[in-house]
Colleague: 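Let me begin by handing over the structure; questions about it come next.
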Amino acid sequence: MKYYLTVPIYYVNAAPHLGHFYSTMVADTIKRYKQMQGFDAVLVTGSDEHGLNVERAALAQGKTPSEYAAIIAREFEETWKKTGLSVDHFMRTSDPRHHKVVRWLFQRCLDNGYVYKGAYTGQYCFHDNLYVNDAKPGDPCPDCGRPTETVTEENYFFKLSAFADRLLELYEKDPGFIQPEIRRNEVISFVRQGLNDLSITRTNITWGIPVPVEGKHVFYVWFDALITYMSAVDGLDLWPADLHLIAKDILRFHAIYWPAFLMAAGLPLPKKIFSHGFLLVEDAKMSKSRGTIVRATPIQEVIGIDALRYFLLRDVPFGADSSFSYDALIGRANADLANGLGNLVSRTLSMIHQYRLGKVPPGHADIDAGIAAKAGDTLQAFRAAFDAFEFSKGLEALWQLLSMVDKFIVTQAPWTLIKKQDSEAQRSLDGTLYAAAEVARIATALLAPVIPDAAHKIWGQLGMTEPLQSVRIDQLAWGQLAPGQPIGTPSPVFPRIDAKAAIPKMIELEAIEKERQAALVGKAKKEDTPQPAGGAIAPIAPSITIDDFVKVDLRVGKVLTAEKVKGADKLLHLSVDIGEAQPRSIVAGIALAYRTDQLIGRKVVIAANLEPRKLRGLTSQGMIVAASLEGGSPVLAAFLEDVPVGARLK
């Protein structure tokens, strides 16, 4: 049986960080779990290398787009190898094999009447590679908040509008197609508002896949990148994918565009799309521009990759946003791995060596009946949770079993039983040690997809001769540990981590890794970069007259309320008092830079006489004024003195 799963085709605008590792590690865990259920599981990822962003980044660093993309793509591949993630196929969108499949799928859509030639003039966000409907020049992107740019060009369009009903029917008939439920509801709500046709080619860039038509068209990023899921396994008889695993910020493209492309081409659809949440640092999504980036490899060098894997699967409810911190990571590793599993394995094997000459004693049902029953329940709960991608729930169930065994050992007191010579005491000792060893065996098999390196070490210490990877999780049961089996030499697998030493070391290595990645793409440290006289600033816009300037009515406002916009992680909906009878409704792309509680009561500057516009179904009656730092992170304009609400800036 095949099981084909994918993670995103990561965009080469940044080197891999913990967010990329999280997605890929979860997929690696699912792959290992499926293999232990008897599936021939295959994991695919790759690098999304085309687009104007890459052209601009390469030019800024004195490289060709191909050179720049190759550096970042290689960094992803090497990171996955170093962290032990078992990626089977890594497909770059610059690969000619990928180009062939993209052109083939385009031709099928064209032949079936779902592609046409048209002209487009409108606003475009180059950061998100997104056309912004119902926007005016300079309006912010609804996703990232950066200013949009006006583009005019002749493009080929995909008739996305023709697929709204078919997509809604798909979501209705197959509720599991998009998971979790909250993401499914977001997609359904978006599609019900109606779909606009989608530009799938560009003529104003050259770094892309040429379209097999007249003119200088290249494929637009989403028609290009999504097809990588097919091109990576072209000829291997693996399509359709059983699972696309993605972060929530690219859900729309995977759950709307991708199935529509496949419907238009007359091809099978993927079976499931699962959209997980963000890993947050300082209460915000990891962001290159904000400097809130953590990488996996510095953590790996200090505490090992298994501790990080376990923390992310145990402490992060899959599908939801969750915060990352070094303190929480070490706290969980010490509590569950060092004090929990590691301590159980160490003392169980040590007692078997000391009390039973290093051989597993026989079990006795009357002694371990409670443990055996709990183990059976745990196996069922763990498998059900992992089948549903509820990893934290499954691990919690397993640790309840480990806790029960710890208490069982304390109650049975093997160190006291060994001193008694009567047969009943020795029989009780045998049953106690067997129960502890059997739980260790079951736990190790269940944890093989989660902490593979540590699980293999424990498996060897248990003296198991069957390769761990060949164990069938769906066939695990109590009593499969053979009495009389010699065990290996006990050795600590999870030494306790000293947070006072480990955290500074991880932070130090993180800084070193950040500099190394920056050097890869030609970025010098800021203090080493020569600055032109007057400072390095963006080019000054063309001159305007004073008459033009006074047309913009800038007012002092006070933020009364602030809340996140549903389905848009980068937008906030503000209620702002500028001295009028009613507060203004303003939608601003500042959610990644400011928490809602930081804004309430704050004085801000508002462009008050802009025409109202709709963003994500909300009316925005003006624009909030902010400085845009390098990378686009906004900083709100503010005042040192107290200024009354409604005052005009001149």
Colleague: Is the gap between the ring centers of Tyr257 and Phe223 under 6.0 Å?
Modeller: no
Colleague: Under 3.5 Å, is there a donor on one side chain and an acceptor on the other for Thr83 and Gln300?
Modeller: no
Colleague: Tell me, yes or no, whether the heavy-atom count around Lys272 atom NZ, taken from other residues, nucleotides or ligands under 6.0 Å, exceeds 12.
Modeller: yes
Colleague: What class does the angle between the rings of Phe76 and His20 fall in, given that below 30° is parallel, 30 to 60° is tilted and above 60° is perpendicular?
Modeller: perpendicular
Colleague: Of all the heavy-atom pairs spanning Leu313 and Thr29, show the shortest one and how long it is.
Modeller: CD1-OG1, 3.6 Å
Colleague: In this structure, are over 12 heavy atoms from other groups packed under 6.0 Å from Ile182 atom CD1?
Modeller: no
Colleague: Below 4.0 angstrom, N of the basic side chain to O of the carboxylate: do Asp88 and Lys31 qualify?
Modeller: yes
Colleague: Once rounded to the nearest 0.5 Å, what's the spacing between atom CG of Leu18 and atom CG of Leu308?
Modeller: 5.5 Å
Colleague: On a heavy-atom basis, which atom in Phe90 and which in Ser47 lie closest, and how many Å separate them?
Modeller: CE2-OG, 3.7 Å
Colleague: Below 30° counts as parallel, above 60° as perpendicular, anything between as tilted: where do the rings of Phe391 and Phe386 land?
Modeller: perpendicular
Colleague: Heavy-atom count around Lys2 NZ within 6.0 Å, excluding the residue itself: above 12?
Modeller: yes
Colleague: Rounded to the nearest 0.5 Å, what separates atom NE2 in His89 from atom CG in Leu236?
Modeller: 5.0 Å
Colleague: NZ/Lys34 to CG/Asp474 distance, rounded to the nearest 0.5 angstrom?
Modeller: 10.0 Å
Colleague: Which atom pair, heavy atoms only, marks the closest approach of Val587 to Thr619?
Modeller: CG2-O, 4.5 Å
Colleague: Regarding Arg184 and Glu181, does a basic nitrogen lie under 4.0 Å from an acidic carboxylate oxygen?
Modeller: yes
Colleague: Would you mind checking if Glu154 and Lys216 are paired as a salt bridge, meaning a charged N to carboxylate O distance below 4.0 Å?
Modeller: no
Colleague: Less than 6.0 angstrom separating the ring centers of Phe219 and His99, yes or no?
Modeller: no
Colleague: Could you label the plane-to-plane angle of the Phe158 and Tyr114 rings as parallel, tilted or perpendicular, counting under 30° as parallel and over 60° as perpendicular?
Modeller: tilted
Colleague: Between Thr79 (side chain only) and Glu75 (backbone N and O only), is there a donor and an acceptor less than 3.5 Å apart?
Modeller: yes
Colleague: Under 30°, 30 to 60°, or over 60°: which ring-plane class applies to Phe261 and Trp258, parallel, tilted or perpendicular?
Modeller: perpendicular
Colleague: Any idea which heavy atoms bring Ser392 and Arg314 closest together, and the distance?
Modeller: OG-O, 2.6 Å
Colleague: Between His217 and Tyr156, is the gap from one ring center to the other below 6.0 Å?
Modeller: yes
Colleague: Are any of the side-chain nitrogens in Glu513 or Arg516 under 4.0 Å away from the carboxylate oxygens of its partner?
Modeller: yes
Colleague: What's the separation between atom CD in Gln61 and atom OH in Tyr68, rounded to the nearest 0.5 Å?
Modeller: 5.5 Å
Colleague: Can you establish whether the number of heavy atoms outside Lys566 located under 6.0 Å from its atom NZ is more than 12?
Modeller: no
Colleague: Going through the checks in order, is the side-chain hydrogen bond (donor to acceptor under 3.5 Å, both in side chains) test met by His50 and Ser94?
Modeller: CA-CA 7 Å; His50 294 133; Ser94 58; 5.6 Å; no
Colleague: Taking Ser189 for the side chain and Glu186 for the main chain, is one N or O donor matched with an acceptor at less than 3.5 Å?
Modeller: no
Colleague: Under 3.5 Å, is there a donor-acceptor pair between the Arg32 and Gln469 side chains?
Modeller: no
Colleague: Might you point out which heavy atoms bring Pro175 and Gln179 nearest each other, and give the distance in Å?
Modeller: O-NE2, 2.9 Å
Colleague: Can a side-chain donor-acceptor contact be found between Asp40 and Gln35 if the only test is distance below 3.5 angstrom?
Modeller: no
Colleague: Can a cation-pi geometry be assigned to Lys248 and Phe278, taking NZ or CZ under 6.0 Å from the six-membered ring centre and within 45° of the ring axis?
Modeller: yes
Colleague: Taking all non-hydrogen atoms of both residues, which atom of Ser231 and which atom of His98 are closest, and how far apart?
Modeller: OG-ND1, 2.8 Å
Colleague: For Gln475, look at atom CD and say whether over 12 heavy atoms of other residues, nucleotides or ligands are found less than 6.0 Å away.
Modeller: yes
Colleague: Go through the steps to decide whether Leu85 and Arg309 satisfy the test side-chain contact (heavy atoms from CB on, under 4.5 Å), and finish with yes or no.
Modeller: CA-CA 11 Å; Leu85 303 184; Arg309 289 177 67 113; 3.5 Å; yes
Colleague: Donor-acceptor pairs under 3.5 Å, side chain of residues 159-170 to any protein atom, not counting sequence neighbours: which ones?
Modeller:
{"unit_1": "Lys159", "atom_1": "NZ", "unit_2": "Gly113", "atom_2": "O", "d": "3.1"}
{"unit_1": "Ser161", "atom_1": "OG", "unit_2": "Asp197", "atom_2": "OD1", "d": "2.6"}
{"unit_1": "Glu169", "atom_1": "OE2", "unit_2": "Lys173", "atom_2": "NZ", "d": "2.8"}

Colleague: Would you compute the distance between atom CD1 of Ile178 and atom OH of Tyr171 and round it to the nearest 0.5 angstrom?
Modeller: 4.5 Å
Colleague: Does the ring centre of His254 sit less than 6.0 Å away from the ring centre of Tyr229?
Modeller: yes
Colleague: When you measure from the side chain of Asp95 to the backbone N and O of Arg97, does any donor-acceptor pair fall under 3.5 Å?
Modeller: yes
Colleague: With rounding to the nearest 0.5 angstrom, report the CZ to OG distance, Phe318 to Ser275.
Modeller: 8.5 Å
Colleague: Does a side chain donor of either Thr93 or Glu49 reach within less than 3.5 Å of an acceptor in the other side chain?
Modeller: no
Colleague: Determine, stepwise, if the pair Ile30 / Leu243 fulfils side-chain contact (heavy atoms from CB on, under 4.5 Å).
Modeller: CA-CA 10 Å; Ile30 295 171; Leu243 173 65; 3.9 Å; yes
